[in-house]
Amino acid sequence: MFEKEIELIGLENFTKLQEKSVLIVGIGGVGGTTLEVLVRSGIKNITLIDYDTFDITNLNRQILATNKDINKKKVDVALNRSLKINKDINIKVKHLYLNKDNVKEIGMYDYIIDTCDTVTVKVELIRYAKVNNIKIISCMGTGKRIDPTKLFIGTLNKTYNDPLAKVMRKCVKEFCPKLNIPVVASSELPLNNNVSIGSLMQVTSTAGIYIASFIINDIIKE
């Protein structure tokens, strides 16, 4: 199934993709698309962590969500979809609610992808990655944005117009003063419409594609 990709990037680079291990924390709008791209690009060793189930409100933006999946565990749906795409994938799932205390139990990987919503977990994932010399990329805010062209791949110290990134800079600075953590973020100001945070698929999925692209290109460049 990967013949055309191998022609494009070469067998040596494709083999690198197959050998790396990736953890995705959060299989929602961003994480679901990230997973889809990685699976279809030859990443073979993937672990997924999420404690949530699909809700009807997820149908507008989450690539893994269908009407048949409402109330099902996101990790189980993600597992089944991934195996339907590539039956040879080595995918593991953990229906786990991560917190500050159990982050250290997630295991060792070549890459950690943070697409979760909880600030404390995002901070602890970055701390864990730093301590264990694991590469990590973290997604900043995608809610209340409507323009996917304002997304960019950069570092935490280069983010702006992002309330979540502002909080993250403050929390991470104590153990990573340079704030040079790879992130996907938006330069678009969140809509100030005084409603609960909502998000659109064109933004969340673009963020997921950017994250997957960062991982794939980083592996190829090694």
Side-chain angles (χ1 to χ4, degrees), residues 22-38 48-52 58 60-64 74 98-100 103 106 109 111-130 134-218:
V22 177
L23 168 67
I24 305 177
V25 179
I27 316 298
V30 179
T33 298
T34 302
L35 172 65
E36 182 90 0
V37 177
L38 293 181
L48 310 176
I49 296 179
D50 199 305
Y51 190 69
D52 203 3
N58 299 147
N60 81 307
R61 67 192 183 282
Q62 299 193 16
I63 195 170
L64 301 178
K74 290 184 177 181
L98 277 185
N99 55 48
K100 184 176 180 180
V103 164
I106 60 178
Y109 308 90
Y111 291 89
I112 293 175
I113 296 172
D114 158 35
T115 51
C116 72
D117 298 325
T118 308
V119 171
T120 54
V121 175
K122 298 175 86 70
V123 171
E124 292 307 315
L125 285 171
I126 293 172
R127 190 194 308 272
Y128 181 86
K130 285 293 182 182
I134 300 173
K135 293 183 177 182
I136 186 170
I137 182 168
S138 183
C139 186
M140 297 294 103
T142 57
K144 290 192 172 185
R145 276 88 167 181
I146 61 175
D147 188 353
T149 67
K150 297 295 179 63
L151 289 161
F152 63 94
I153 301 174
T155 50
L156 187 57
N157 60 335
K158 300 295 184 180
T159 54
Y160 57 99
N161 291 342
D162 189 332
L164 172 59
K166 183 178 180 179
V167 173
M168 289 293 294
R169 289 196 299 270
K170 189 173 182 179
C171 294
V172 170
K173 194 170 184 178
E174 63 172 288
F175 62 88
C176 185
K178 293 183 179 180
L179 299 175
N180 56 350
I181 307 299
V183 298
V184 167
S186 176
S187 62
E188 179 185 9
L189 280 168
L191 295 176
N192 185 20
N193 52 8
N194 296 318
V195 296
S196 60
I197 295 178
S199 54
L200 300 177
M201 188 169 186
Q202 67 263 31
V203 178
T204 57
S205 286
T206 300
I209 291 171
Y210 276 17
I211 290 171
S213 175
F214 173 86
I215 298 293
I216 292 165
N217 287 321
D218 191 72

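Although no hydrogens or angles enter the test, the distance criterion places no donor-acceptor pair under 3.5 Å between the side chain of Asp114 and the main chain of Ser138. Panel note: side chain Ser186, backbone Thr142; no donor-acceptor pair is recorded below 3.5 Å. Between the side chain of Lys122 and the backbone N or O of Cys139, at least one donor-acceptor pair lies under 3.5 Å. Proximity of a side-chain donor or acceptor of Glu188 to a complementary backbone N or O of Asp147 within less than 3.5 Å is detected.
For residues 203-213, every residue pair satisfying the side chain to side chain donor-acceptor pair (under 3.5 Å) rule, not counting sequence neighbours, is listed here: Thr33-Ser205, Ser213-Asn217.
Between Leu98 and Val25 the shortest heavy-atom distance is CD1-CG1, 3.7 Å. Nearest heavy-atom pair, Val123 versus Cys171, reported as atom, atom and distance to 0.1 Å: CG2-CB, 3.5 Å. Closest heavy-atom contact between Gly143 and Pro190: O-CB, 4.4 Å. Contact record, Asn161 with Ser187: ND2-O, 2.6 Å, taken as the closest heavy-atom pair. Minimum heavy-atom separation, Cys176 to Ile181: SG-CD1, 3.6 Å. Here the shortest heavy-atom pairing between Met201 and Asn60 reads CB-O, 3.5 Å.
Between Val184 and Val30, the closest side-chain pair of non-hydrogen atoms is not below 4.5 Å. You'll find the side chain of Asn58 reaches within 4.5 Å of the side chain of Lys74, heavy atoms only. Residues Lys178 and Asn157 form no side-chain contact, since every pair of their non-hydrogen atoms from C-beta on lies 4.5 Å or further apart. The shortest distance between side-chain heavy atoms of Phe175 and Ile126 falls below 4.5 Å. Counting heavy atoms from C-beta on, the side chains of Leu164 and Val119 come closer than 4.5 Å. Side-chain contact between Thr34 and Ile215: absent, with no pair of heavy atoms (C-beta onward) separated by less than 4.5 Å. Looking at Val183 and Lys158, their side chains never come closer than 4.5 Å, going by heavy atoms from C-beta outward. Ile24 places none of its side-chain heavy atoms less than 4.5 Å from the side chain of Ile211.
Atom OH of Tyr51 sits in a sparse spot, with 12 or fewer heavy atoms from other residues, nucleotides or ligands closer than 6.0 Å. Residue Asp117 qualifies as open at atom CG: its count of foreign heavy atoms under 6.0 Å is 12 or below.
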For side chain to side chain contact (heavy atoms under 4.5 Å, CB included), just list the numbers for Val203 and Leu151, CA-CA rounded to whole Å, side-chain angles, deciding distance to a tenth of an Å, and then say yes or no.
CA-CA 8 Å; Val203 178; Leu151 289 161; 4.2 Å; yes

Run the numbers on Arg127 and Lys100 for side chain to side chain contact (heavy atoms under 4.5 Å, CB included), then give the verdict.
CA-CA 10 Å; Arg127 190 194 308 272; Lys100 184 176 180 180; 5.6 Å; no

Side chain to side chain contact (heavy atoms under 4.5 Å, CB included) assessment of Leu38 paired with Ile113:
CA-CA 11 Å; Leu38 293 181; Ile113 296 172; 3.8 Å; yes

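Between Asp162 and Arg169, none of the side-chain N atoms (NZ, or NE/NH1/NH2) sits under 4.0 Å from a carboxylate O, so this pair counts as no salt bridge.
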